Amino acid sequence: MKVILSTLNAKYIHTSLAIRCLKAYSEKDFDIELAEYTIKDPVMNIVSDLFQRGADVIGFSCYIWNIEETIKVIDVLKKIMPEVKIILGGPEVSYDTDYWMKRLPNVDFIVVGEGEETFHQLLQEIEGTQKYHFVYGLAYRKGEEVIQMPGRPKADLNELPSPYRFAEDIPELGKRVVYFETSRGCPFSCQFCLSSIEVGVRYYDIERTKSDILYLIDNGANLIKFVDRTFNIKRDYALEMFKFLIENHRGCVFQFEITADIMRPEVLDYLAENAPPGVFRFEIGVQSTNDPTNELVKRRQNFAKLSRTVTKVKQSGKIDQHLDLIAGLPLEDYNTFRKTFNDVFALGPEELQLGFLKMLRGTGLRIDADKYNYTYMDVAPYEMLSNDVLSFADIVRLKRLEDVLEKYWNSHRMDHTVNYLIEREFASAFDFFQEFGDYWEGQGWQKIGHQLEDLFTRLQSFLESRGTKRMDMVLGLMKLDYFLNHKYKPRKIWWEHALEKDDWSSYMKMALQHPDALLSPVVADFVADATQTAAPTSHATDGHSVSDSPQPQPYREVIPSFASLKLGEKELQKHAVLDILPFRLDHILSGGSPLTAEGRTLLLVVYQQNEQQKPLYYIMPIGKEIAAI
């Protein structure tokens with residue numbers, strides 16, 4: 001009996017841990033093949049491939065992002081392969097199972113919950129006596145009747161074979177994301193999340209976990225994402241794993257979901273001192289800072305402690321942080337969500353993900369949806385449309401905000417510009433993204449694509465339409481950001497006025513004659529810091545002073561001096577761009593006021609001078625005597 005385990009991933013680079021767990025458990029007794037596709041693949045392409053592979057049993061792993069596309073594949077498969085047995089599993093079909101069996105007549109079985117043992121026993125019964133009433137954790141058909149068996153006890157994780165050691169995976173390990181679990185279950189009870197339904201947390205043996213990770217690294221894995229719902233719930237376990245990964249990473253990047261307000265100080269200190277830059281990434285689900293909302297959805301969270309954790313990690317400069325928000329939770333109206341957004345944005349995460357509440361099957365919020373007058377999509381992903389405090393009009397506006405947030409913040413195309421605008425020109429980060437999102441849609445830009453240059457010209461159009469002050473300064477920062485978005489010297493610019501050729505040559509000669517006068521931004525930052533007086537004592541969000549104790553120095557990327565590059569005129573002609581900004585760029589980059597940034601700056605950006613192919617930029621404040629050259 002041939003078995004195919006399949007799923008439709010959201011992207012090609014993703015891989016399915018679930019079907020690998022099932023194969024690992026059952027491959028000793030059955031001929032099992034994995035077949036992964038994406039939700040973007042045409043249905044006929046998927047069906048044709050499965051048909052040519054040939055199978056007696058095909059199982060699909062189902063989630064909110066792929067269930068509707070999976071159904072289309074199943075319906076066509078059953079037309080051309082009516083004898084094939086179709087099995088579904090995964091979180092999307094593990095709840096309201098009776099609904100799925102009645103809606104999908106082409107599905108023969110549904111494996112409910114944890115699947116390794118249930119799936120294996122089901123295959124034995126399909127091949128053997130078909131006594132499906134012996135299989136716990138299974139829904140099946142008996143004539144026109146749907147039978148749902150009682151759930152199966154949770155497995156001992158250390159009795160499950162490793163799903164990470166398939167030879168056929170090795171050629172693609174370095175090109176795709178490896179999903180890895182060190183535990184199952186969640187200690188929390190958030191009413192919007194499926195993870196809260198399973199009580200308790202179970203762990204794999206830590207030595208086995210280390211062995212599997214080393215195997216993946218040895219065979220070329222570049223990115224491992226841990227799917228544990230709270231990686232740091234056990235301090236000793238998390239600290240030992242962090243130490244192990246730091247000692248053995250060999251360039252592999254690891255991403256974790258952590259709960260920031262329970263992160264212990266000694267763990268943070270260890271990471272700040274020992275984590276290699278860029279090797280760890282933290283995903284932190286904040287969701288809301290509105291206390292009544294968090295209390296109602298049973299989400300225990302201390303935002304002051306969370307803020308301290310995020311701040312300390314950010315100060316180390318070594319770990320990127322991805323913070324999540326959910327719009328549409330109960331008691332969170334448009335105004336309180338504005339506060340939530342600004343609270344979290346102020347922490348300076350490398351990414352801020354704005355999601356919209358999904359009314360997932362099996363969750364407490366879906367069960368209690370009528371209490372809060374929720375309306376939501378009938379089919380996956382069940383996104384909320386409105387509730388008693390957040391209208392659909394509010395949702396539409398927040399969608400606009402989300403769009404420009406992705407384009408202008410999470411993409412990091414204009415960090416210098418956006419930070420300046422939020423600090424100097426808008427009431428808050430929320431107001432900037434919301435106003436710009438409204439303008440973007442008002443111009444009809446959501447209906448058409450865009451190139452990199454378009455992002456800059458559209459931001460300029462928006463800012464000019466509202467009469468933004470000091471546009472000369474904003475445009476200077478936009479030029480800097482535009483230059484830093486290229487691996488190679490850009491062939492075109494989006495602004496109208498460029499330096500005259502003679503001026504360009506004069507400034508370039510000056511750079512060659514006085515290379516030590518060109519400072520890297522880090523050095524310029526130090527110089528600016530040295531000229532400022534000590535800042536007054538600041539206060540954390542819980543009212544405790546945070547300036548009385550020594551603060552860890554942030555990691556600073558080593559940038560070679562311009563002089564050390566030893567570039568000649570020909571190299572600069574080929575690999576450098578130069579512009580004159582009508583203000584002191586060093587002053588603005590160090591947080592100075594535009595009112596005291598009078599002067600001019602020579603900006604020089606060079607390309608292709610390091611292994612990372614990252615542009616390097618250097619600045620020189622210039623006075624009237626130099627400007628007159």
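Quantities reported herein were computed from a predicted structural model and do not represent experimental measurements.
Between F254 and F180, the distance from one ring center to the other does not fall under 6.0 angstrom. Ring pair F256/F226: centre-to-centre distance below 6.0 Å. Checked against a 6.0 Å centroid threshold, the rings of Y164 and Y215 do not count as neighbours.
For the pair K234 and F231, the cation does not sit on the ring face, since its NZ or CZ is not both under 6.0 Å from the ring centre and inside 45° of the axis. For the pair R20 and F166, the cation-pi test (distance below 6.0 Å, angle within 45°) is failed. Remark: K85 is not positioned above the aromatic ring of F109, lacking an NZ or CZ atom under 6.0 angstrom from the ring centre and at most 45 degrees off the axis. The cationic atom of R361 (NZ for Lys, CZ for Arg) lies less than 6.0 Å from the six-membered ring centre of Y99 and within 45° of the ring axis.
Judged purely by distance below 3.5 Å, without hydrogens or angles, the side chains of T336 and D333 pair a donor atom with an acceptor atom. Looking at S195 and R229, their side chains do bring a donor and an acceptor atom within 3.5 Å of each other. With hydrogens and angles left out, the side-chain atoms of S211 and R165 include a donor and acceptor closer than 3.5 Å. Under the 3.5 Å distance criterion, with hydrogens and angles disregarded, no donor-acceptor pair is assigned to the side chains of H322 and D320. A donor and an acceptor atom, one from each side chain of Y204 and D212, are nowhere located under 3.5 Å apart. Side-chain atoms of S391 and S386 form no donor-acceptor pair, as typed in the model, at a separation below 3.5 Å. When only modelled atom types and interatomic distance are considered, T38 and D41 share a side-chain donor-acceptor pair under 3.5 Å.
The neighbour count for Q148 CD, taken as heavy atoms of other residues, nucleotides or ligands under 6.0 Å away, is above 12. Other residues, nucleotides and ligands contribute at most 12 non-hydrogen atoms within 6.0 Å of the CG atom of D370. Counting non-hydrogen atoms of neighbouring residues, nucleotides and ligands closer than 6.0 angstrom, the NZ atom of K28 exceeds 12 such neighbours. The environment of OH in Y136 is sparse: at most 12 heavy-atom neighbours from other residues, nucleotides or ligands sit within 6.0 Å.
Atom-to-atom distance recorded for L325:CG and L354:CG is 6.5 Å, nearest 0.5 angstrom. Atoms CD and CZ, from Q191 and R366 in turn, are 14.5 Å apart once rounded to the nearest 0.5 Å. We find the CE-CG distance between M263 and L306 to be 10.5 Å, quoted to the nearest 0.5 Å.
The existence of a salt bridge linking R208 and E159 is excluded, since no basic side-chain nitrogen approaches an acidic carboxylate oxygen closer than 4.0 Å. Taking the charged nitrogens against the carboxylate oxygens, K72 and E69 have no contact shorter than 4.0 Å, which rules out a salt bridge. Between K2 and E33 there is a salt bridge, with a side-chain nitrogen of the basic residue lying less than 4.0 Å from a carboxylate oxygen of the acidic one. Comment: E350 engages K314 in a salt bridge, judged by a side-chain N to carboxylate O separation of less than 4.0 angstrom. Under 4.0 Å is where a charged nitrogen must lie from a carboxylate oxygen, and between E332 and R299 no such pair does. A salt bridge links D218 with R250: the distance from a Lys NZ or Arg NE/NH1/NH2 to an Asp or Glu carboxylate oxygen falls below 4.0 Å. At a threshold of 4.0 Å, the pair D75-K79 does not count as salt-bridged, since none of the basic side-chain nitrogens sits closer than that to a carboxylate oxygen. Salt bridge status for K225 with E283: absent, with no side-chain N to carboxylate O gap under 4.0 Å. Ion pairing of E351 with R281 is absent here, as no side-chain N (NZ or NE/NH1/NH2) approaches a carboxylate O to less than 4.0 Å.
Remark: side-chain polar atoms of N222 are paired, donor with acceptor, to backbone N or O of G174 under 3.5 angstrom. Between the side chain of T363 and the backbone N or O of C193 there is no donor-acceptor pair closer than 3.5 Å.
The aromatic rings of Y140 and Y132 sit tilted relative to each other, their planes meeting at an angle between 30° and 60°. Ring pair F341/F337 is tilted by interplanar angle, where 30° to 60° counts as tilted. Between Y63 and W65, the angle of the ring planes stays under 30°, which puts this pair in the parallel group of the 30/60° scheme. A perpendicular orientation is assigned to the rings of F30 and H120, their planes being inclined by more than 60° (bins at 30° and 60°).
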Take K243 and E240 through the test salt bridge (charged side-chain N to carboxylate O under 4.0 Å, His left out) and record every step on the way to the result. CA-CA 5 Å; K243 289 180 178 177; E240 184 173 347; over 6 Å; no

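The shortest distance between side-chain heavy atoms of I213 and I217 falls below 4.5 Å. With a 4.5 Å cut-off on side-chain heavy atoms, Q287 and Q301 do not count as touching.
The residue from D108, D56, I87 that alone fulfils the side-chain contact (heavy atoms from CB on, under 4.5 Å) condition with I126 is I87.
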